[in-house]
2 protein chains.
Amino acid sequence: MSSALRSYGDPCGIARALDLVGERWSLLVVRELVLGSKRFTDLKAGLTGASPNVLSQRLRELEAGGVVRRSSEGAATYELTDWGRELHPLLVQLGLWGARSSAKPKGPLSPDAMMVALESTFQPTRAATLRVSLELQLDEQRYAVRVDRGKMTVVRGAMPAPDVVIDTDVATLRKSVFGHDVEPQGVGMRGDVKRGRAFLKLFARPKPNPDA
Amino acid sequence: MSSALRSYGDPCGIARALDLVGERWSLLVVRELVLGSKRFTDLKAGLTGASPNVLSQRLRELEAGGVVRRSSEGAATYELTDWGRELHPLLVQLGLWGARSSAKPKGPLSPDAMMVALESTFQPTRAATLRVSLELQLDEQRYAVRVDRGKMTVVRGAMPAPDVVIDTDVATLRKSVFGHDVEPQGVGMRGDVKRGRAFLKLFARPKPNPDA
DNA sequence: CGGTATCCAAGCCGATACTG
DNA sequence: CAGTATCGGCTTGGATACCG
């Protein structure tokens with residue numbers, strides 16, 4: 001039932017990390033939770049291909065490992081522990097590295113994955129002079145985004161009193177941000193449109209790696 | 001025979017990274033190579049528990065993915081590509097994170113793993129005033145280490161004209177560096193002993209995480 | 001030394017069905 | 001909604017033996 005998690009039996013920190021988050025799907029579960037807590041069904045929706053069976057087991061393992069915690073409050077939602085949240089910058093780095101892979105699976109990008117991609121490709125130097133708080137509405141998901149002093153923070157949920165609201169979908173945002181089109185198409189904006197457009201220019205398309 | 005590598009089929013950068021280095025043992029293979037190239041048998045020795053079977057397959061996959069390359073020169077040794085080498089800082093971070101896990105498998109630490117642990121726990125601020133080049137002899141392995149301007153670099157192999165040579169074994173070095181013993185025991189030094197001892201104080205024991 | 005061949009056990013995948 | 005139970009089919013992983 002509970003299925004003991006197999007270990008590398010290696011005291012090295014890397015092996016110990018992999019004992020906890022190295023199983024298939026584990027790190028993607030963390031990706032799903034890194035922008036905020038989620039419920040089981042939403043996790044499943046974000047992880048196409050993972051059966052409820054495996055997902056449930058991964059959640060139990062991550063919980064046992066102190067990476068994930070069931071939301072103390074009310075309902076059955078999962079969230080990262082403080083320690084689990086420390087994986088955030090690591091995921092961002094890993095995502096940037098992986099984005100330079102030559103293999104590009106076709107398929108839709110989930111809203112959460114898109115937001116992490118924005119974190120990965122954020123260019124602090126371009127943001128030096130921009131300060132904005134905005135809400136990004138992406139396929140029925142909402143993200144509260146703040147850019148200040150060359151830092152960007154993203155959290156799932158509404159942004160109170162944003163300077164600008166951007167309303168779009170993943171495919172469009174992707175093109176607008178990483179595409180060569182200078183003019184954003186199909187990106188709705190309400191509020192301070194000028195800063196909204198400036199925000200869309202803070203990201204750099206990852207360069208393919210040389211080692212094909 | 002060639003076994004197509006299974007993919008998450010997710011265009012997200014994290015998933016694409018995991019397509020390449022997310023299989024069991026893959027990231028540990030990278031750990032083995034991150035300090036310099038190695039031969040098949042030495043890889044196997046560093047990865048206790050991995051059968052030659054899987055190791056061979058992982059190497060083929062990593063090679064196909066452009067992460068690892070067979071040494072063009074002469075013999076059958078494996079090395080990281082430039083792109084693969086970009087995983088180095090990520091591994092160091094991951095190792096630090098994992099070292100804070102509450103689960104600590106017993107067993108010997110390999111020399112390479114020990115050196116990566118040193119990279120993980122290196123404290124730049126403590127090294128601000130130290131500049132030293134040294135050779136660390138660890139259980140028949142030699143590492144060329146340089147500390148300069150708050151940076152440390154480690155490469156497997158001999159250091160030409162080192163300021164100091166440190167001769168010890170993994171267990172002893174571990175105690176000396178992470179233990180509370182102020183005085184290093186059983187750590188042999190030849191050359192500039194003063195700077196050798198200073199070097200041993202550049203590292204901090206990882207603090208256990210609060211989320212048991 | 002540098003792997004491949006073989007075999008077996010365990011785990012995952014995916015579907016479906018079921019329960020509180 | 002939030003999972004657990006069950007099941008077949010298949011893929012991996014692990015151990016050992018073996019060969020150039």
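Within every chain, numbering begins at 1; the chains are lettered A, B, ... in the order of the sequence lines, protein sequences first and strands thereafter. No hydrogens, no waters, no symmetry mates; every other heavy atom, side chains included, goes into these values. What you are looking at is a predicted structure, and each value in this text was computed from that prediction instead of being measured.
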Open item on the list: Can you measure Arg39(B) atom CZ to dG3(C) atom C1' for me and round it to whole angstrom units?
Closed with: 13 Å

Open item on the list: How many whole angstroms separate atom CG of Leu18(A) from atom P of dG13(D)?
Closed with: 14 Å

Task: Minimum-distance nucleotide (side-chain atoms of Arg6(B) versus dT12(D), dG3(C), dG2(C)) - done: dT12(D)

Task: Partner set under side-chain contact (heavy atoms from CB on, under 4.5 Å) for Pro124(A), not counting sequence neighbours - done: Phe122(A)

Task: Distance-only donor-acceptor test (3.5 Å): side chain Asn53(B), base dT6(C) - done: yes

Task: Selection residues 8-22 of chain A - residue pairs positive for salt bridge (Lys or Arg N to Asp or Glu O under 4.0 Å), sequence neighbours left out - done: Asp10(A)-Arg31(B)

- [ ] Tell me, yes or no, whether the heavy-atom count around Arg156(B) atom CZ, taken from other residues, nucleotides or ligands under 6.0 Å, exceeds 12.
- [x] yes

TODO: Describe, in one word, how the ring planes of Phe40(B) and Tyr78(B) are oriented to each other, choosing from parallel (under 30°), tilted (30 to 60°) and perpendicular (over 60°).
DONE: tilted

Open item on the list: How many whole angstroms separate atom OH of Tyr78(A) from atom C1' of dA2(D)?
Closed with: 8 Å

Task: Any residue of residues 20-33 of chain B with a heavy atom less than 4.0 Å from an atom of DNA chain D - done: Glu23(B), Arg24(B), Trp25(B)

Task: Presence of Thr41(B) side-chain N/O under 4.0 Å of dG2(C) phosphate oxygens OP1/OP2 - done: yes

Open item on the list: Output the rounded distance in Å from CD (Gln57(A)) to C1' (dG3(D)).
Closed with: 14 Å

TODO: Kindly check if the number of other-residue, nucleotide or ligand heavy atoms within 6.0 Å of CZ (Arg146(A)) is above 12?
DONE: no

Open item on the list: Any carboxylate oxygen within less than 4.0 angstrom of a Lys/Arg side-chain nitrogen, looking at Arg58(A) and Glu61(A)?
Closed with: yes

Open item on the list: Mind checking if Ser51(A) touches a base, just sugar-phosphate, or nothing, with heavy atoms under 4.0 Å?
Closed with: base

TODO: Nearest whole angstrom, please: distance from the C1' of dG14(C) to the CG of Leu55(A).
DONE: 14 Å

Task: Atom-pair distance (CZ on Arg60(A); C1' on dT4(D)), nearest Å - done: 8 Å

- [ ] Calculate the interatomic distance between Asp42(A) atom CG and dG3(D) atom P; express it in whole Å.
- [x] 11 Å

Open item on the list: Heavy-atom nearest nucleotide on DNA chain C for Ala50(A) versus Arg70(B): which residue maps closer to 5'?
Closed with: Arg70(B)

Task: Comparing Arg58(B) and Pro52(B) on DNA chain D - which has the more 5′ nearest nucleotide - done: Arg58(B)

- [ ] Could you check how far CZ of Phe40(A) sits from C1' of dC1(D), rounded to whole Å?
- [x] 11 Å

TODO: Could you walk me through whether Glu23(B) and Arg6(B) pass salt bridge (Lys or Arg N to Asp or Glu O under 4.0 Å), step by step?
DONE: CA-CA 9 Å; Glu23(B) 292 293 326; Arg6(B) 73 181 157 185; 3.2 Å; yes

Open item on the list: Looking only at the side chain of Ala76(B) (C-beta and beyond, no hydrogens), which of the listed nucleotides dG2(C), dA2(D), dG14(D) gets closest?
Closed with: dG2(C)

